[in-house]
There are 2 protein chains.
Amino acid sequence: MDGLETRQLRYFVAVAEELHFGRAAQRLGMAQPPLSKAIRDLERQLGVQLLTRTTRQVGITPAGEVFLRDARTALAAVAAAARRARQAGQSRPMLRVALKADFDGGLLAPILDAYAGLSAGSSAEVMPVELVLGGPGDQIEALHDGRADVALALTPFDEHGVDSEPLLTEPRVVALPAVDPLAARTDLCLADLAGRRLPNGSAADSGDVAPPPLGSAAVKDLSQLFNLVEVGSMVWFLPAWVARQFPRPNIAYRPLPEIPPVTLAVAWPAELRSAPVAAFVRTAQEVADAAVTATPQPRHRGPADADAAGPRQRADH
Amino acid sequence: MDGLETRQLRYFVAVAEELHFGRAAQRLGMAQPPLSKAIRDLERQLGVQLLTRTTRQVGITPAGEVFLRDARTALAAVAAAARRARQAGQSRPMLRVALKADFDGGLLAPILDAYAGLSAGSSAEVMPVELVLGGPGDQIEALHDGRADVALALTPFDEHGVDSEPLLTEPRVVALPAVDPLAARTDLCLADLAGRRLPNGSAADSGDVAPPPLGSAAVKDLSQLFNLVEVGSMVWFLPAWVARQFPRPNIAYRPLPEIPPVTLAVAWPAELRSAPVAAFVRTAQEVADAAVTATPQPRHRGPADADAAGPRQRADH
DNA sequence: TCCGATTGATATCCTGAAGATATGGATGGG
DNA sequence: CCCATCCATATCTTCAGGATATCAATCGGA
């Protein structure tokens, strides 16, 4: 009676995403008829209609929607099992740390140093670190499908299935072309950005003040982002530490009090808190605490930037 | 390259649990040779040795341990996908509430009433309730594999992958045979129970003061438990509300300050917070609050029990 | 030390299900 | 009204999952 196979889940996800049997079959590297049959068998097995097909169009039922969601997480869980097993089988297992390039708040290097330095004490809970930078999806997704053991991510993110501890909170600044008239002003508000293209694609003059995603998947690293900003095709919201770490002559960073601050957090799969992960998390927290309390604020740029890169705050949970 | 099937996971879990190919094959309803081959193929596919076999004995490697854990959760995720899809496909979808019989703190009936009464307001977020009482594992497991949408459970439980809100906290009492000499005393401590058999199976004279599990899977409901206690073969720790709800002539409930109190909580899968679930959770909290603030303490039994069933406290997170 | 019992591995055969190809039928657009 | 599009049906083929029989290695006991 029971016994769903991941193959069936993969097939359904493909069809549900494409809403087109032909394209889904092509994506799966198979012919269309067996795919149709597989989906029909799946529906019969579940006793539920997942898709509505006319001869011209495929739609998804409410039950199909929930199954699509659950199928995706189940597939991620299976992939995670495989990845973690492979990882655990390595003779030199690595602690895989996922992060978005340049979005570490300047903490990555000291954290890695401190973590490596831990080996003097108890060697068992320290292992070599491997950075997971690219790949599909965000860092949290890398945790879910087993590509990484721990992640540095900017909140807010999807907390489902992960535990996390905040490391540091900073306000966000807006990155403008230096030639932009707004760059001459020190106090900006969201309304001033009317007409400029924002990260979420919509123009700023639409009334939404929702916090724009600053980790849009489309832009892979800061270099690309800086290029877009420099040519004036976009403005962007960035954590203040980025303004501190990456001064650029053609880009002006300005504070924007309306935008809520971001928090950099260390996250790991909720089920899994191995000794090395725990040690890494602890180390990260200690480094972040030290950075907040001990570090004098570096000010390499103009006075406006000093405001933008206001005092670091230890994030409170 | 990739493409792990749930069948492979089921096979591995069986072998890893039995540590015996023959028995595992029997459990899976298949012959031993293909099972051996399947496991070997799995290991080759992962590039990792999961089991150590001599001709006489099967052991599990560290990698196998982590894979076993992940495989179990992946299988639960797949099962959950199937169950929830079936559920969502029903023409009259039900809100399935998992709980342990008689362990609802007396809140179940008022919660259900209040929840049903909600339909007057916004009908969309209320659906008929189905109780999930039995089945393998505990209520949290029922959430994980999709047998239930919400659960009432006693903390502490495994919080991984679930969100929860506490409803009420009460001290625990010990249930003794009325004829037990200790029943004459009003103030007991753990040491007094030396020699009696405790729920976790170990005798009380072993030095552990760890909170004994009061939801041992072995005993399905309170009737069985009461029988065991009445014949003097066991003493048991129970939430104080049980003493209030189920007075028994042959059983004495006595307070035991050393045992930490329990909290009844409402829990749901972390990924899933549908409108009906949210409404149920809210209703449960409101009912619990009302019960704590408004209910006069009913006292049907002797003075000692009154102490045992001390004031209800609203649980603080 | 030897023999039998236990247990996993190997060899060979078979069945069924996954998949391919060819084709039909329904629908929407021009 | 016809053609293009797209899902369903029918039939055939292949191969992987599984069964049976057997071997090989190890442990225990006499």
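All values below were derived from every heavy atom in this structure, side-chain atoms included, with hydrogens, water molecules and symmetry-related copies excluded. None of these values were measured; they are calculated from a predicted model.
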Inter-residue atom distance A:L19.CG - A:L51.CG, 0.5 Å rounding: 7.5 Å
Report the residues that fulfil side chain to side chain contact (heavy atoms under 4.5 Å, CB included) with A:S36, sequence neighbours left out, ordered by chain and then residue number. A:F21, A:Q32
What pairs of residues pass the side chain to side chain donor-acceptor pair (under 3.5 Å) test when at least one of them lies in residues 47-64 of chain A, not counting sequence neighbours? A:E43-A:R53
Would you call B:R10 and A:E5 a salt bridge, using N to O less than 4.0 angstrom? yes
Just the endpoints, please: which first and last nucleotides of DNA chain C, 5' to 3', lie under 4.0 Å from a heavy atom of chain A? C:dA18 to C:dG28
Matching residue for A:L143 among A:V162, A:D138, A:V132 - test: side chain to side chain contact (heavy atoms under 4.5 Å, CB included): A:V162
Are more than 12 heavy atoms from other residues, nucleotides or ligands located less than 6.0 Å from atom CD of B:Q26? no
Could you check whether any side-chain N or O of B:R84 sits under 3.5 Å from a backbone N or O of A:V66, counting only pairs where one atom can act as donor and the other as acceptor? no
Taking any atom under 4.0 angstrom from a heavy atom of chain B, which nucleotides of DNA chain D are the first and last to qualify, 5' to 3'? D:dG17 to D:dC27
Nucleic acid contacts of residues 13-27 of chain A, taken as heavy-atom distances under 4.0 Å to DNA chain D: A:H20, A:F21, A:G22
What I want to find out is whether A:R92 reaches A:E130 closely enough, with some N-O distance under 4.0 Å, to be called a salt bridge. no
Listed in order of residue number, which residues of residues 49-61 of chain A have a non-hydrogen atom at under 4.0 Å from DNA chain C? A:T55, A:R56
Is the shortest side-chain N to carboxylate O distance from B:E17 to B:R72 below 4.0 Å? yes
Under 3.5 Å donor-acceptor, B:Y11 side chain and B:A25 backbone: no
Please find the pair of heavy atoms, one from B:F157 and one from B:A267, that lie closest to each other, and give the distance. CZ-CB, 4.2 Å
Pairwise side-chain contact, A:F280 with A:L118, heavy-atom cut-off 4.5 Å (strictly under): no
